[in-house]
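Side chains are part of it too, since the values below use all heavy atoms of this structure and drop only hydrogens, waters and symmetry mates. Only a predicted model underlies this, so the values are computations on that prediction, with no experimental measurement involved.
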Amino acid sequence: SSEVFENKSTGSAVQMLQGAMPNVNIQVNSGTPGASGTITVRGIGSVNSSSPLILIDGTPGELSQVGPGDIESVSVLKDAASAAIYGSRAAFGVILVTTKNAAKGRSKVSYNNYFSFSTPTVSTDFVWQGYDHAYIFDTSYFGQKGVMGAATGLTSADYEQLLLRRNDYVEDPSRPWVVEDEDGKYHYWGNFDWWKYLYKTWTPSQSHSISVSGGTDKVTYYVSGNYYTKDGFMRNADEKYRQFSLNAKINARVYKWLKISNNTYFYDSEHAFP
């Protein structure tokens with residue numbers, strides 16, 4: 001029901017369904033902003049595509065393009081009998097999405113927003129000391145080369161200098177990282193944390209949704225707009241994802257025997273990345 005899609009800090013309806021239904025597997029394999037995930041029903045059924053058929057108010061579509069605030073309910077047909085109703089495209093299950101409908105009554109305006117942040121799930125302490133990196137690299141080739149330093153080209157004197165600077169997270173003026181010897185050869189004995197240089201420790205995201213509904217015995221309407229944006233984790237490049245959706249349902253009873261309904265859905269997304 002719609003409660004599943006409330007108070008979740010993501011703009012993806014696909015991710016909101018994770019863990020909500022048995023035998024519905026949702027995998028998100030990327031931390032890229034806007035990545036929604038893949039859906040399979042009853043596991044993987046083929047080496048080729050085994051995605052279920054997704055119907056939004058009876059029309060084939062993508063669940064990731066539906067604003068979470070517009071969803072009234074989600075039903076999943078898991079048995080093979082669904083193929084008898086929807087054809088061969090339903091061989092891997094059917095997901096039926098019903099969006100909120102217009103209802104008569106006084107005009108009602110609803111606005112929701114949230115602000116959240118995400119952090120990388122990587123827990124590895126990456127090597128940032130020049131000494132450790134060189135030592136690991138050389139010892140891994142020691143069995144093949146038979147000589148310590150054959151892989152990096154570093155001498156024992158280089159290792160002594162790297163060891164002196166091993167715990168210098170920033171350059172110490174008394175122990176410079178780049179040194180020119182008497183022969184004019186440059187030596188780099190520094191440390192550098194590439195992980196923290198390339199990636200942020202957290203990124204913000206925000207979502208805004210507004211809806212207007214109401215009507216009379218003859219005309220009812222439901223109009224909603226959803227806006228979601230999220231920044232990427234790359235520190236030295238501007239990566240940003242945004243999505244916007246607009247949903248409008250209008251029902252009009254012209255005569256006792258004539259009813260006109262209109263369901264319009266607009267979706268737009270943009271992912272700017274280097």
Side-chain angles (χ1 to χ4, degrees), residues 4-20 25-39 63-69 111-140 152 154 159 161-178 188-209 226-245 267-274:
V4 175
F5 302 94
E6 295 177 356
N7 302 321
K8 298 289 184 67
S9 58
T10 176
S12 171
V14 177
Q15 293 187 23
M16 291 183 180
L17 279 178
Q18 281 187 301
N25 306 313
I26 298 176
Q27 291 183 329
V28 182
N29 298 320
S30 172
T32 303
S36 60
T38 57
I39 306 175
L63 184 58
S64 59
Q65 296 179 357
V66 181
Y111 171 72
N112 294 282
N113 70 52
Y114 72 79
F115 300 88
S116 66
F117 69 92
S118 304
T119 59
T121 56
V122 174
S123 59
T124 304
D125 291 328
F126 290 93
V127 173
W128 58 271
Q129 300 94 334
Y131 176 87
D132 292 0
H133 175 77
Y135 183 81
I136 294 171
F137 193 33
D138 274 331
T139 52
S140 64
T152 62
L154 298 176
Y159 269 103
Q161 296 299 324
L162 284 170
L163 185 60
L164 291 174
R165 297 161 174 80
R166 184 181 183 185
N167 297 319
D168 293 345
Y169 195 82
V170 295
E171 187 173 12
D172 188 332
S174 64
R175 298 186 294 270
W177 287 357
V178 180
Y188 178 70
W189 297 321
N191 308 311
F192 200 82
D193 193 336
W194 281 104
W195 177 262
K196 289 187 177 180
Y197 176 76
L198 292 174
Y199 299 103
K200 303 175 185 176
T201 56
W202 67 277
T203 59
S205 63
Q206 57 178 303
S207 175
H208 303 268
S209 62
N226 297 274
Y227 178 77
Y228 171 77
T229 180
K230 179 178 175 62
D231 292 349
F233 282 105
M234 301 187 69
R235 184 182 297 277
N236 297 285
D238 187 16
E239 183 180 17
K240 198 176 190 68
Y241 174 83
R242 67 157 188 86
Q243 71 178 33
F244 172 77
S245 63
Y267 172 85
D268 178 67
S269 66
E270 180 183 28
H271 182 202
F273 59 95

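- Considering CE of M16 and OG of S64, their distance stands at 12.5 Å, rounded to 0.5 Å.
- For the residue pair T201 and P120, the shortest heavy atom distance occurs at O-CD, 3.3 Å.
- Among the candidates W195, F192, Y169, the single residue satisfying the side-chain contact (heavy atoms from CB on, under 4.5 Å) test with W128 is Y169.
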Criterion side-chain hydrogen bond (donor to acceptor under 3.5 Å, both in side chains) on N112 and Y114, from CA distance to verdict: CA-CA 7 Å; N112 294 282; Y114 72 79; over 6 Å; no
Check against side-chain contact (heavy atoms from CB on, under 4.5 Å), R166 and N191: CA-CA 7 Å; R166 184 181 183 185; N191 308 311; 5.6 Å; no
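- Under a 4.0 Å N-O distance rule, the pair R175/D168 qualifies as a salt bridge.
- Between W189 and R165 the shortest side-chain heavy-atom distance falls below 4.5 Å.
- Summarising the geometry, atom OG1 belonging to T119 is positioned 14.0 Å from atom NZ belonging to K200; distances are rounded to the nearest 0.5 Å.
- Annotation: salt bridge (Lys or Arg N to Asp or Glu O under 4.0 Å) contacts of K240 (sequence neighbours excluded): D231.
- Within the 4.5 Å cutoff, the side chain of Y241 has heavy atoms near those of the S269 side chain.
- Nearest approach of V178 to Y188, heavy atoms of both residues: CG2-CD1, 3.8 Å.
- Between I26 and V14, the shortest heavy-atom contact is CD1-O, 3.2 Å.
- Taking both residues in full, the closest heavy atoms of P274 and M234 are given as CG-SD, 4.0 Å, listed atom of the first, atom of the second, then distance.
- Looking at heavy atoms from C-beta onward, L162 lies in side-chain contact with L154 at the 4.5 angstrom threshold.
- The aromatic rings of Y135 and Y131 sit parallel, their planes meeting at an angle under 30°, below the 60° perpendicular limit.
- Residue Y199 places its OH atom among 12 or fewer non-hydrogen atoms of other residues, nucleotides or ligands, all under 6.0 Å distant.
- The backbone N or O of W177 sits less than 3.5 Å from a side-chain atom of E171, completing a donor-acceptor pair.
- Counting heavy-atom neighbours within 6.0 Å of N236 CG, excluding the residue itself, gives a total above 12.
- Inter-residue side-chain proximity for S116 and Q206 is flagged as unmet; no heavy-atom pair is nearer than 4.5 Å.
- Between H208 and F115, the ring centre distance stays below 6.0 Å.
- Between E239 atom CD and H271 atom NE2 the span is 4.0 Å, to the nearest 0.5 Å.
- The two residues A13 and L63 have their closest heavy-atom pair at CB-O, 3.8 Å.
- By the 6.0 Å contact criterion, OH on Y197 is open, its count of non-hydrogen atoms from other residues, nucleotides or ligands being 12 or less.
- Taking every heavy atom of both residues into account, N226 and S209 meet most closely at OD1-CB, 3.0 Å.
- The distance from atom OG1 of T229 to atom CD of E270, rounded to the nearest 0.5 Å, is 9.5 Å.
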side-chain contact (heavy atoms from CB on, under 4.5 Å) between R242 and D268, intermediate numbers included: CA-CA 8 Å; R242 67 157 188 86; D268 178 67; 3.0 Å; yes
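- To the nearest 0.5 angstrom, Y228 atom OH is 5.0 Å from K230 atom NZ.
- In this structure, Y159 contributes its side chain and A134 its backbone to a donor-acceptor pair below 3.5 Å.
- Side chain to side chain, T203 and S118 fail the donor-acceptor criterion of an N or O pair below 3.5 Å.
- You'll find the side chain of S207 stays beyond 4.5 Å of the side chain of Q243, heavy atoms only.
- Note that CD1 of I39 and CG of L17 are 6.5 Å apart. Values are rounded to the nearest 0.5 Å.
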